[in-house]
Novice: 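Below is the structure I would like to discuss, written out as structure tokens.
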Amino acid sequence: MTYPVDTNEGVIECAQCAAKDPTLVTRRSILGTILGIASSSMGAILGASMLRYVLYPVYAKDTGKQWSHIGNVGEFSNSKEPVTKEITFSVRDGWREVISTQSVYVSRAANGQFQVLSAICPHMGCSVGWQASQGKFVCPCHGGQFAPDGSHLAGPPPRGLDNLRTQVKDGKLQVQFEYFRTNVPDQESLS
Amino acid sequence: MDRDTDSGVPEDAGFAPRIFHWFDQRTGIRDFARKVLDEHIPGGARFAYVFGSGLLFIFLLQAVTGVSLALYYTPTAETAHTSVAYITKQVAGGAFLRSLHSYGSSAMIIVLVLHFLQTFLYGSFKGRRELLWLSGALLSFLVLGMGFTGYLLPWDQKAYFATAVGTNIMGQTPLIGNLLTRLVRGGDTIGTLTLSRFYVAHVFLIPATIFMFIGAHILLFRKAGPAGPVKEHPITPKLPPEHFYPRQVLMDMAFVLLIMASLAGLSYFHPTTLGPIANPADTHFLPRPEWYYLPMFEWLKFWEGPYVVVGVMALPGLLAMVFFLMPFLDRRLERSPWRRPIPVLAVAFVFLGMIFLGIKSRIDDRLSPDIAAQLDLQEQQEKAYSAAPFEPYLESQDGMGAVVSSAAVADPQLSIGKGVFTTRGCVACHGSSGMGTAAAPSLVGVTHKFAESDLIALLHNPSPKMRVGRMPAVDAPPAEMSALVSYLGVLGTSAANVTPTYISPSSPTTAGVKQNVSFARDANQSTGGVRQTVLAPISASAASGQQLFQERACFACHGPAGAGGRAPALAPFVAKLSNTQIVNLLHDPDSKMRAGGMPPVEASPEQIAALISYLRSLPLQEPGRLAAPEHRLSNAMVRQDAHPTDSVLVATNSSPAMLKDNAIPAMVADSGGKPAMPLVPAPNPGRQLYVGRGCIACHGPKAEGTRIAPSLIGISDRFPGDKLSYLLHHPTDKMRDGGMPAVTVNDEQMAELIAYLSSLK
């Protein structure tokens, strides 16, 4: 049996060609093409599924924001300087929900307004400490300094300490903890 | 000697050929590809030869989907199930990939059988292909091992129990059986160590071995060359050969496409389910292995006692040896199946025998009503769990994890709904967690099937099929109905583990009670003649009286909420009598009551007072309307599942399995200063069961018998050993005619009950 074979000399009829060199492509049937398309679409289905599957946690929306309890309103009436408080909130981590703990700074203005600051430095994410002797927040990592109301005083951080949303419910102070992007001038929530 | 100038392609050749040539000069890929595709198939390409490539494809598919699953799966007993639920219910494409993997394992076995049958019938193992055959036989056992180890990983009920059975079977091996079982389990019981071992075997050890042996199998195959059609000589082929590429490649691809399309279609339209998490304490679960192990499962039923070793080890071992040594047993070069009658008939016999056993096991399961019912229930539970929303694994700060929904704490409707579910007697037939019993189906997922208004309508007016099953009309006001539906909506999830709140649809009694109340939404609405009432909390004493009413199974005859059944409704009676009269009647029923089977109520004066206070709180019925139709006693409360109703507060001697689902009823504080009353705990757990399961209702308070049922005194002498427990689990027809239901208790409870019965004189 001979069949046409594409070679550099043009198309020739060859009986033995395939026997010698099976990698030479022959002009084969539509069937082969259909099979090729069908197989690639099958592969595409599998591939697309896997891609969505692998990327799922990257794009999945986190659990809605929740309110964490800080303390009774009465606790904070006499504070002249920011008070450190620990809050807990649940975080969805894959298939589990964990109780996460974070520190926040609570201060109260003269008019009674609460201000809760995140202790996470907006520069690189280190924990910022309150230095009572200096009357300001100082970040131990790169020396960023913040006023008692969180505004930026000195150092590399591009903005002040992040303000967190608060509310008072039934005489209890609550805060909505969020994570923010570091090293950018505007406060952008990561949730 | 400056640069590498040899290019080997003409100067005017295109870009792609030049790149390819650069690559080929450094790797030799063109020659390699030529050798791979230069497989001579004597007699030409055939569809019969596609199964080997099919197997290779499926193996690769399993590897790829398996690696994907491993991205989210965690192999610990605590979290395995949640991680699989996460994959199936949350992750994009998770259900699809998991189904591909699960169905792929079945496809692997099917194509493996086809490959075996084809190579056997064609005699393609002859002519210096012994090692090729051996490697193939080993691969088939490794594949079965993959199926077995993979089955445990989801850690749901069927995974756990099937593995328990499988590892027990291993224990039948002579001499080393016990050691083998403990080695495989990583201890005496199946636990997290078992899971780790199975995971390592399934992901690392067996696949690595399979990979090696596939390599060996292909090399040996290429060395011997394809055997070609049956008429071809197995050592020196004479027929003109055709190359593997292109036609056989195309045929192989077509088959692979068929497999992939079937698996994808099946996975998309009928994804694999996941059952509820493994519960080792469940004594009802009937394990069944995957379909390809069913012949073995059925085979084992025929072997008992000392012969088990023969049936489980010796004969299968012999079969395996024959399978492995096939090329050595039939050394003739004859390939035609017609001229090899003995081997062909032997294989046909074994193969058809296995099919027969597999089908028979399915038929046997269907023919036995108890087994069929339990298997149906299991399937229902699995479907319900799969339909329920995802519940994350909750890790608290002290490191103790649990799967608990925090939402449930906030929603009072669920508590009220659960209270309704309990007091209306739904638990009696549908089980305390709504998962169903032999008397009534599981309600898990029922709110997915019916919209709320349809469901409420159905509850008010049960369908004919429901009525046949003795489902009564649920005559509750709209607020209670909607609370009930809220509760039904969370059945099967952890949100259902709320503390029930009991309310009574009567006029408010003592004031000032702090409790969540709901009010009838639309006073003008009428649904089938249901009264509109304002729901109000009941007093502390009435609440504990209600508990006594539940615990003593008064509702068995007097109906849920005392509305009447075999025995008359209580509200009209108590309205006409003074407290003293009621106390006397309860302690010492009159002749008419005794004739009806009413036992004396043994309780302390405080309990009786509480009971009376509850009875007085019951609403008077409109004449001519019963809240519930008359029940045959056998279908009344007695058919409970293994977990006692929530009102059994007296759990002092209970086993942990009983306590698990027990929700302690809310103790309502009375503003008037009277403290909430605890019930006096019963001293004997067997007695508790006797009372709590309602045995007391028919067999009498001291088991001395009543008109309805005989005395049980001395029963354990008449039915010694296991006979009594068997009888309680499987009542005879005569017992059933008298209304005796199957007593669904676990082994520990059964022992306590029998101990109590034995103590009676």
Side-chain angles (χ1 to χ4, degrees), chain A residues 1 3 8-9 15-64 66 86 88-101, chain B residues 10 13 30-31 33-34 36-40 61 64-65 67-69 71-74 79 81-87 89-94 96-97 100 241-247 249-251 253-254 256-257 260-261 264 267-268 390-398 401 403-404 406:
Chain A
M1 176 179 172
Y3 31 78
N8 290 330
E9 283 84 45
Q16 303 302 316
C17 287
K20 284 211 202 86
D21 187 356
T23 58
L24 277 175
V25 176
T26 62
R27 235 181 265 140
R28 270 293 159 176
S29 60
I30 311 283
L31 194 61
T33 322
I34 293 177
L35 215 50
I37 294 174
S39 303
S40 6
S41 40
M42 275 295 152
I45 291 176
L46 193 62
S49 288
M50 282 203 50
L51 201 64
R52 282 178 68 221
Y53 180 85
V54 170
L55 291 177
Y56 172 75
V58 176
Y59 294 107
K61 292 281 156 260
D62 197 3
T63 43
Q66 37 181 300
E86 253 187 36
T88 60
F89 50 94
S90 58
V91 176
R92 182 68 85 87
D93 169 25
W95 35 260
R96 64 178 193 157
E97 230 171 62
V98 281
I99 311 279
S100 191
T101 325
Chain B
R30 187 192 279 264
D31 276 346
R34 214 169 278 162
V36 166
L37 296 173
D38 187 20
E39 178 190 299
H40 293 244
L61 180 71
V64 163
T65 50
V67 166
S68 310
L69 290 172
L71 271 177
Y72 296 104
Y73 176 75
T74 57
T79 58
H81 188 255
T82 312
S83 62
V84 176
Y86 182 66
I87 291 171
K89 298 181 187 187
Q90 290 264 282
V91 181
F96 180 67
L97 283 171
L100 277 180
E242 189 185 334
H243 282 281
F244 181 59
Y245 179 85
R247 285 186 69 234
V249 170
L250 290 179
M251 288 182 189
M253 273 170 68
V256 158
L257 196 62
M260 188 64 203
S267 301
Y268 187 74
F390 175 67
E391 298 280 328
Y393 179 81
L394 192 67
E395 211 174 78
S396 59
Q397 272 177 309
D398 58 5
V403 186
V404 170
S406 43

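The chains referred to below are lettered A, B, ... by the order of the sequence lines, with proteins before strands, and numbering in each begins at 1.
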Novice: Please find the pair of heavy atoms, one from A:R92 and one from B:F390, that lie closest to each other, and give the distance.
Specialist: NH1-CE2, 3.5 Å

Novice: For the CZ atom of A:R52 and the CZ atom of B:F96, what is their distance to the nearest 0.5 Å?
Specialist: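 Separation between the atoms: 10.0 Å.
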
Novice: Please answer whether the main-chain N or O of A:Y53 pairs with a side-chain N or O of B:Y72 as donor and acceptor at a distance below 3.5 Å.
Specialist: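 Yes, the answer is positive, given that a donor and an acceptor are paired below the 3.5 Å cut-off.
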
Novice: Nearest 0.5 Å, what's the CH2-CD1 distance between A:W95 and B:I87?
Specialist: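 It is 10.5 Å, given to the nearest 0.5 Å.
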
Novice: side-chain contact (heavy atoms from CB on, under 4.5 Å) for B:M260 and A:L46? Distances and angles first, verdict last.
Specialist: CA-CA 9 Å; B:M260 188 64 203; A:L46 193 62; 4.1 Å; yes

Novice: Who wins among B:V256, B:V64, B:T74 for the most heavy-atom pairs under 4.5 Å with chain A?
Specialist: B:T74

Novice: Measuring heavy-atom distances to chain A, does B:A85 have an atom under 4.5 Å in its side chain, in its backbone, in both, or in neither?
Specialist: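 Interface part for B:A85: neither.
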
Novice: Measure B:F244 against the heavy atoms of chain A and call it side chain, backbone, both or neither at under 4.5 Å.
Specialist: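 Neither part.
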
Novice: Return the OG to CG distance between A:S39 and B:L250, rounded to the nearest 0.5 Å.
Specialist: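 CG of B:L250 is found 9.0 Å from OG of A:S39.
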
Novice: Rounded at 0.5 Å granularity, tell me how far CZ in A:R96 sits from OG1 in B:T82.
Specialist: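 One finds 11.5 Å between CZ of A:R96 and OG1 of B:T82.
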
Novice: So which heavy atom on B:L257 is nearest to which on A:A38, and how close?
Specialist: CD2-CB, 3.3 Å

